[in-house]
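Lettering of chains follows the sequences in order, A, B, ..., and the numbering in each one begins at 1. No hydrogens, no waters, no symmetry mates; every other heavy atom, side chains included, goes into these values.
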There are 2 protein chains.
Amino acid sequence: MRLTTKGRFAVTAMLDLALNEADKPVTLAGISERQAISLSYLEQLFSRLRRQGLVTSVRGPGGGYRVAKSHNEISVSNIITAVDELIDATQCGGKEDCHDEGRCMTHDLWASLNNRILDYLSGVTLAELVENQRQNDIGNVSQINFLPRKTSVCEDVTA
Amino acid sequence: MRLTTKGRFAVTAMLDLALNEADKPVTLAGISERQAISLSYLEQLFSRLRRQGLVTSVRGPGGGYRVAKSHNEISVSNIITAVDELIDATQCGGKEDCHDEGRCMTHDLWASLNNRILDYLSGVTLAELVENQRQNDIGNVSQINFLPRKTSVCEDVTA
DNA sequence: ATAATAACCTAGTAATTTAGTCAATTATTA
DNA sequence: TAATAATTGACTAAATTACTAGGTTATTAT
């Protein structure tokens, strides 16, 4: 799991797609204009998003992209992992021959932490993002409007 | 908030520090050997960690680094934000003059999502990582051992 | 005192990733 | 048949990551 601007671009583009798809599919040219992302870069991103089954494409005039599934079946982690090549954070590359004294500590650590973050981001759906964005548009809120923290009911259960 | 290997190196190093500090401070040379991270790179990372008040240093022979606070006062997000220069994900750079039709959508979106992720990672403490690592060491567990999900008491309160 | 240790600092550099350009080809519709 | 828009591939500039090299300063042990 990486979290870079690349993944952000992808989420932004998917949100734009979700907000603008109606009867007609949405063109990358349109997303490019609205979100100020270069067309060719979008093409690269959507190539991956399509291969991962997150979007479908229609070629020719009047064509473009559609979200492949229901908006609440697509999570932020789905989008990010589709475009961000997942790298392997361990030195040993999965093998456990990294050091004299045994396997590298980082192996377990990052596998765990990765899992936690992924768990979390898979709980934030495209549907939520769309809903939140629509609310902001209607109210014409110009200041930063934090998403309601739906996980804030969590408590630290450590002793 | 970015999440790259740089931040991972930092968390790994901090965990090594926390596991190995006893009467004597821990040297970067030691961390470098155990975790296979270059000494000079560690120096750069610890320069930032020190400036952020996460570690204290002792110079000269027998010197090294110590964790500055209690282990449960340091979160993963603290460590990551200390070394990962936070970049501004919006095209407009905070100003809201980015587009004809108004401010860029990404502004609110990423401010919100950033906040959520940060919220989450600030709940994972160094103390938890240490405890988990110690358990693995004692049991000599060689397979991936996921951290107990202490935030799994969360419920989706949507609708 | 002096030598060894280890933090601290600065500058540079190779490898990788990001973000983008350019130039095509293919499928579809008007 | 022409226009549209996805699809593909190769190539490039900028940024970031990870690392090297070479010093300086503070502190301790001899």
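Taken to the nearest 0.5 Å, the OG1 atom of B:T125 stands 10.5 Å off from the CD atom of B:E73. If you take CG on B:L3 and CG on B:D84, they are separated by 8.0 Å, rounding to the nearest 0.5 Å. Interatomic distance, A:T12 OG1 to A:L17 CG, rounded to the nearest 0.5 Å: 12.5 Å.
Rounded to a whole Å, the NZ atom of B:K6 is 15 Å from the P atom of D:dA15. With rounding to whole Å, B:Y41 atom OH is found 12 Å from C:dT16 atom C1'. Following rounding to the nearest Å, B:R2 (CZ) and C:dT17 (P) show an atom-to-atom distance of 15 Å. Rounded to whole Å, the distance from CZ on B:R8 to P on D:dA18 is 10 Å. Counting to the nearest Å, the P atom of D:dT17 and the CG atom of A:D84 are 13 Å from each other. Per the geometry, CD belonging to A:Q35 stands 13 Å off P belonging to C:dG20, to the nearest Å. The separation between A:R48 atom CZ and C:dT17 atom P is 11 Å, rounded to whole Å.
Under the 30°/60° scheme for interplanar angles, the aromatic rings of B:F9 and B:Y41 are found to stand perpendicular.
Pairs of residues two or more places apart, or lying in two chains, that qualify as side-chain hydrogen bond (donor to acceptor under 3.5 Å, both in side chains) and include a residue from residues 46-60 of chain B are B:S47-B:R51, B:R48-B:E85. Pairs of residues two or more places apart, or lying in two chains, never qualify as salt bridge (Lys or Arg N to Asp or Glu O under 4.0 Å) while including a residue from residues 19-30 of chain B.
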Close N/O contacts between protein and nucleotides 5-14 of chain C (under 3.5 Å):
residue, atom, partner, partner atom, Å
C:dT5, O2, B:P61, N, 3.4
C:dA6, O4', B:G60, O, 3.4
C:dA7, OP1, B:L28, N, 3.1
C:dA7, O3', B:S57, OG, 3.4
C:dC8, OP1, B:R50, NE, 3.4
C:dC8, OP1, B:S57, OG, 2.4
C:dC8, OP2, B:R50, NE, 3.2
C:dC8, OP2, B:S57, OG, 3.4
C:dC8, OP2, B:Y65, OH, 2.5
C:dC8, N4, B:E43, OE2, 2.8
C:dC9, OP2, B:R50, NH2, 3.2
C:dC9, N4, B:E43, OE1, 3.1

